[in-house]
Structures are given as C-alpha cells and as structure tokens.
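Beneath this line is the structure, given in structure tokens, with notes to follow.
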Amino acid sequence: MKSYKILTLGASGAGKTVFLASMFRSLLTQGEYGFYLKAEDFKSQRLLNNIYEKLIIGEWPLGTREISEWKFTCCIQNPDLENFPICQFIYFDYAGGQLTEMNKKDDKLQEIIKQADAILGLLDGQKIQALINNSNEQKIDDFLNKDLPPIMKWMSYCQTPIQFVISKWDLLENDNFDLKEISDRLLDIPKFKELVVSRNKEGSPVRLIPVSSIGSGFATPQPDGSMKKIAGSIPRPFHMEVPVSCVIPDLLEKEIQVNLKRLTTISDASIAENSGFNKLLNKFFKGVLSFRPLIDLVVNIIVEYFLIPIIFNDSEPNELNIIIAQEILKRIDNWGLAGIRRRVAADEKKLAEFQQIKNEYIMEIKDKTTALRSAITSFLYISNKLNQDFPDSEIIVDKLK
Ligand SMILES: Nc1nc2c(ncn2[C@@H]2O[C@H](COP(=O)(O)OP(=O)(O)OP(=O)(O)O)[C@@H](O)[C@H]2O)c(=O)[nH]1
Ligand SMILES: [Mg+2]
C-alpha cells in the first residue's frame with residue numbers, strides 16, 4: 001500500500017498538535033466524509049484521544065518538544081460494514097520553534113521536510129487576525145518576519161503539492177473576515193506572491209483552507225493571547241477533513257502527470273494499431289455524455305490505469321494503458337482530476353449531482369477498485385465543496401495585476 005508523508009509547517013502555537021488530535025477524532029468514523037482514518041496502533045490512538053479529551057474540558061496541550069510520527073491508514077467502509085484500506089498517511093508533529101529557529105544542526109526536521117510528499121502551511125489564525133486588523137504589532141511582526149519566511153522557503157524548495165491552512169478560524173469568523181481579504185493581504189507579501197505565481201504557472205492549485213479544531217463558540221481569547229473555554233460549550237471542529245482531502249487529489253494528479261511525461265518519447269502509433277479499441281472509443285463518443293457517465297469514465301480510467309498500479313501494487317502503470325488513458329482523457333477535453341475540480345465547483349447543481357454520485361459510489365463498493373474509486377470521488381467532492389462554500393479559497397494571481 002502506498003504511503004504519503006504529509007507535513008504541516010507551522011510556528012510554535014499555530015495549532016499543529018490540536019489540529020492533529022482534532023482531525024483524528026473527526027475522521028475516526030466514516031460519517032458523511034466517505035473515508036476514515038485508522039491509527040497505526042492502540043497506543044497512538046489513545047495518545048491522540050487523550051489530547052482531544054483534555055481539549056473538551058478546556059485543557060490545551062503543552063508545547064510539543066520532540067518530533068513524533070503518526071501513521072494512519074485511510075480506509076473506506078461499504079454499507080455492509082466491510083473495510084477497505086486505501087493508502088497510508090504519515091503525519092509529523094514537532095516543536096514549531098524547530099522550524100522558525102532552525103539552525104544547520106537540525107537535520108532531523110530538515111530531512112523530514114525534504115522527504116515530504118505534500119506540505120500544509122499552517123498559518124496561525126490569531127496572527128492573521130492581528131495582521132488584518134492591524135491590532136497587535138508583536139504578533140504581526142512575528143508572523144511576517146519569523147513564522148512565514150521558513151514556510152515560504154521550504155515550500156519553494158520542495159516541489160511537492162502545497163496548501164495553506166488557516167487555523168483558529170473560529171476567531172476570524174467572529175470578525176466576519178472573508179478569505180478574499182486575507183488572500184489579498186497575503187499576496188502583498190512578495191515571497192508569498194512569488195510562490196503562488198510559480199505554482200499557478202505549473203497549473204497546481206494553491207488553496208487557503210480555513211479550519212477550526214474546536215469550532216466557534218468554544219473558547220474566547222484572553223488578553224495574554226491564551227484561549228479560555230466558555231463554560232458549558234462543546235467543541236464543533238470545522239473542516240478537519242478538508243486539508244487531507246485537498247492534498248490527495250493533488251498528489252494523485254502529480255503521479256498521473258509524472259507518468260504521462262514519462263511517455264512523451266513513445267509515439268502514439270500503438271494506439272492507432274489498436275484499432276479495435278479505437279472503434280469502441282468512437283462509438284462511445286458519438287453520444288453526448290451526461291454527467292454521471294462522464295464522471296464514471298474519468299474516475300474509472302484514472303483509477304484502473306494509473307492508481308491501482310501506483311497505490312496498491314507500488315509499480316508503474318503499464319505503458320499501453322497510459323497511452324490509452326491519455327487518449328481517452330484527451331478526447332474528453334483533458335478531464336483529469338484537476339478537470340473535475342475546475343468544472344464541478346463553479347456550478348451548484350453539478351455539485352449536488354456530484355454529491356449524489358459520491359453517495360452512489362459508496363453504496364457500490366465491493367472490492368479494492370470500487371473502494372479506491374469511491375475514495376477519490378469523496379476527496380474530489382470535499383475539495384469542490386470547499387471551492388463552492390469559499391469561492392476565494394483558491395488563490396489565483398491575476399497576471400495583469
Ligand atoms: N481559538 C482557537 N484556538 C486554538 C485552536 N487551535 C489551537 N488553539 C490555541 O493555540 C494554542 C496552541 O496550539 P498547539 O496545537 O499546541 O500549537 P502547536 O503548533 O502544536 O505549537 P508547538 O507545539 O509549540 O509547536 C492552543 O493552546 C490553543 O490555545 C483553534 O482551532 N481555535
Ligand atoms: Mg505542538
């Protein structure tokens with residue numbers, strides 16, 4: 001089973017540990033998300049649960065001291081309660097000071113960063129609040145000069161998919177901030193803009209994902225910056241499923257692109273020779289496709305031809321299969337995973353239809369192929385829903401600006 005290392009880059013106090021515990025708790029059962037996370041062993045499950053149980057009573061974790069590694073298997077369950085493992089995620093937690101005050105000797109964290117398959121930049125919502133309100137010089141200075149530079153540096157250094165997660169959204173939500181205001185302010189920072197422009201050029205989406213590990217109405221900030229639980233409140237974590245759901249389609253899209261590139265030297269001759277297949281294709285494309293068969297086609301091609309070998313067998317996809325898949329995707333106007341994301345989110349009716357398809361896929365799970373198809377569709381649905389709920393979550397730099 002393929003394993004992906006996902007690294008959260010964030011300063012001390014940004015909310016890494018609380019996010020990890022709350023994400024695990026939210027994804028402990030499949031619920032509406034269409035997948036769940038299983039901890040590697042009972043001990044890790046207990047440790048994360050302990051952190052969360054303390055949050056509930058208003059006790060925050062102490063600052064992290066050591067680097068720790070957390071392995072999760074991403075699983076999917078069908079209506080008969082059969083479980084299908086899809087892939088593994090490895091998460092890391094560490095003391096944020098190790099990132100912002102990194103010296104040459106900190107090879108351990110550097111090695112982890114270099115080996116990460118995807119990076120989530122965790123931006124402290126409380127500092128963003130200060131930045132937008134222009135309210136606390138110390139916090140603004142820390143954010144701009146201490147916290148952000150190493151995140152930018154490592155994100156530019158690594159070619160992995162990236163996303164920005166804004167923590168403590170409960171605070172920003174109270175102030176009625178919108179993401180547009182925040183992304184405009186962030187784009188005023190030259191290094192930030194540079195990074196977004198370069199990722200936009202490659203066609204990789206860069207998102208701002210608002211999350212709150214405790215949800216609104218659970219705690220209020222105190223004058224010293226700490227959070228105090230509101231008596232009688234219960235946590236309602238918000239968007240815990242989103243960062244991971246946005247990162248996986250990006251990772252898979254990258255795998256697909258790498259495999260397609262690998263083949264640029266091979267001529268298209270083999271597909272022409274495969275005339276039986278061509279006839280079949282032509283037949284298929286004669287009718288105008290409605291939404292479900294189109295999604296079926298794209299997701300099935302991607303799953304069967306690319307992801308099954310990569311994810312389950314840890315091998316490279318067969319070359320003829322890639323050519324066939326490439327040809328089909330070309331004919332339906334480059335509908336890769338990115339294509340689905342671009343087109344669905346903009347249309348409310350399509351998103352509702354997509355949700356329906358996602359639910360049908362869960363009902364149809366019977367083996368690892370159908371499980372993988374369902375997982376991919378759930379991730380795509382969640383990332384599309386984010387685009388619809390927060391239209392400014394995707395940062396795109398207008399070239400004319
Ligand atoms: N309002 C609010 N506060 C939060 C949230 N998440 C974390 N906090 C606050 O931020 C503090 C720091 O969170 P941690 O998760 O410990 O931060 P960290 O990034 O792990 O910090 P280090 O371990 O020092 O690197 C917590 O003690 C809370 O006071 C959130 O979703 N909402
Ligand atoms: Mg911590």
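Indexing begins at 1, ligand by ligand and atom by atom, following the structure's order.
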Self-check item: With Y94, the side chain to side chain contact (heavy atoms under 4.5 Å, CB included) member among I112, L9, T17
Solution: L9
Quiz item: What protein heavy atom sits nearest atom 18 (P) of ligand 1, and how far off is it?
Solution: K16 N, 3.5 Å
Exercise. Using heavy-atom distances, let me know which of V211, D170, L20 sits nearest atom 1 (N) of ligand 1.
Key: D170
Practice problem: Among all protein heavy atoms, pick out the one at the shortest distance from atom 16 (O) of ligand 1; state its residue, atom name and that distance to 0.1 Å. | Solution: P61 CG, 3.9 Å
Practice problem: Please confirm whether L62 comes within less than 3.5 Å of ligand 1 when only nitrogen or oxygen atoms on both sides are compared. | Solution: no
Exercise. Within a distance under 4.0 Å of any heavy atom of G96, pick out the atoms of ligand 1 and give their elements.
Key: 22 (P), 25 (O)
Practice problem: Find out whether I189 and L148 are in side-chain contact, i.e. whether some heavy atom of one side chain is under 4.5 Å from a heavy atom of the other. | Solution: yes
Quiz item: Is it the side chain (CB and beyond), the backbone, both or neither of Y94 that lies under 4.0 Å from ligand 1, heavy atoms counted?
Solution: backbone
Quiz item: Any N/O of G15 closer than 3.5 Å to an N/O of ligand 1?
Solution: yes
Self-check item: Contact check, side chains of K139 and Q126, non-hydrogen atoms, under 4.5 Å
Solution: yes
Practice problem: Would you indicate whether the side-chain heavy atoms of V206 and I396 approach each other to under 4.5 Å? | Solution: no
Quiz item: For the residue pair F390 and W169, does the interplanar ring angle fall in the parallel (under 30°), tilted (30 to 60°) or perpendicular (over 60°) class?
Solution: perpendicular
Quiz item: When you check the gap from the basic side-chain N to the acidic O, do R25 and E53 get nearer than 4.0 Å?
Solution: yes
Quiz item: Which protein non-hydrogen atom lies closest to atom 27 (O) of ligand 1, naming both residue and atom, and how far is it?
Solution: W60 CB, 3.2 Å
Quiz prompt | Ring centers of F192, F164 separated by less than 6.0 Å | solution = yes
Quiz item: Would you say K168 and ligand 1 have an N/O pair spaced under 3.5 Å apart?
Solution: yes
Quiz prompt | Metal check, the Mg ion (ligand 2) vs T17 N/O/S, cut-off below 2.8 Å | solution = yes
Quiz item: Considering only heavy atoms of A95, which atoms of ligand 1 have at least one such atom less than 4.0 Å away?
Solution: 25 (O)
Quiz prompt | For atom 20 (O) of ligand 1, the protein heavy atom that lies nearest, with its residue and separation | solution = T17 OG1, 2.9 Å
Practice problem: Determine yes or no for a side-chain-to-main-chain donor-acceptor pair under 3.5 angstrom, with K229 supplying the side chain and S233 the backbone. | Solution: yes
Exercise. Tell me which protein heavy atom sits closest to atom 31 (O) of ligand 1, plus the residue, atom name and distance to 0.1 Å.
Key: S213 N, 2.9 Å
Exercise. Look at the aromatic rings of F35 and Y33 and report parallel, tilted or perpendicular, splitting at 30° and 60°.
Key: tilted
Exercise. Would you mind listing which atoms of ligand 1 come within a distance below 4.0 Å of any non-hydrogen atom of G13?
Key: 10 (O), 12 (C), 17 (O), 18 (P), 19 (O), 21 (O), 22 (P), 24 (O)
Quiz item: Is the side chain of S374 donor-acceptor paired with the backbone N or O of T370 at a distance under 3.5 Å, no angle test?
Solution: no
Practice problem: Measure from the Mg ion (ligand 2) to each N, O or S atom of T64 and report whether any distance is below 2.8 Å. | Solution: yes
Quiz item: Just which atoms of ligand 1 are under 4.0 Å from any heavy atom in G63?
Solution: 23 (O), 24 (O)
Quiz item: Does any non-hydrogen side-chain atom of R207 lie less than 4.5 Å from one of D250?
Solution: yes
Practice problem: Note the single closest protein heavy atom to atom 3 (N) of ligand 1, along with its residue, its atom name and the distance in Å. | Solution: M227 CG, 3.5 Å
Quiz item: If you count the atoms of ligand 1 from 1 in the order shown, which ones are under 4.0 Å from a heavy atom of S212?
Solution: 31 (O)
Practice problem: For atom 6 (N) of ligand 1, grab the closest protein heavy atom and report residue, atom and distance to one decimal in Å. | Solution: V18 CG1, 3.7 Å
Practice problem: Could you tell me whether the side chain of T100 and the main chain of K146 form a donor-acceptor pair under 3.5 Å? | Solution: no
Practice problem: Decide whether the shortest distance between a heavy atom of S226 and an atom of ligand 1 is less than 4.0 Å. | Solution: no
Quiz prompt | Exercise: identify the closest heavy-atom pair between L27 and M240 | solution = CD1-O, 4.3 Å
Quiz item: Considering only protein heavy atoms, which is closest to atom 24 (O) of ligand 1, and at what distance to one decimal place?
Solution: S12 OG, 2.7 Å
Quiz item: What do we get for A11 next to ligand 1 when only non-hydrogen atoms under 4.0 Å count, side chain, backbone, both or neither?
Solution: backbone
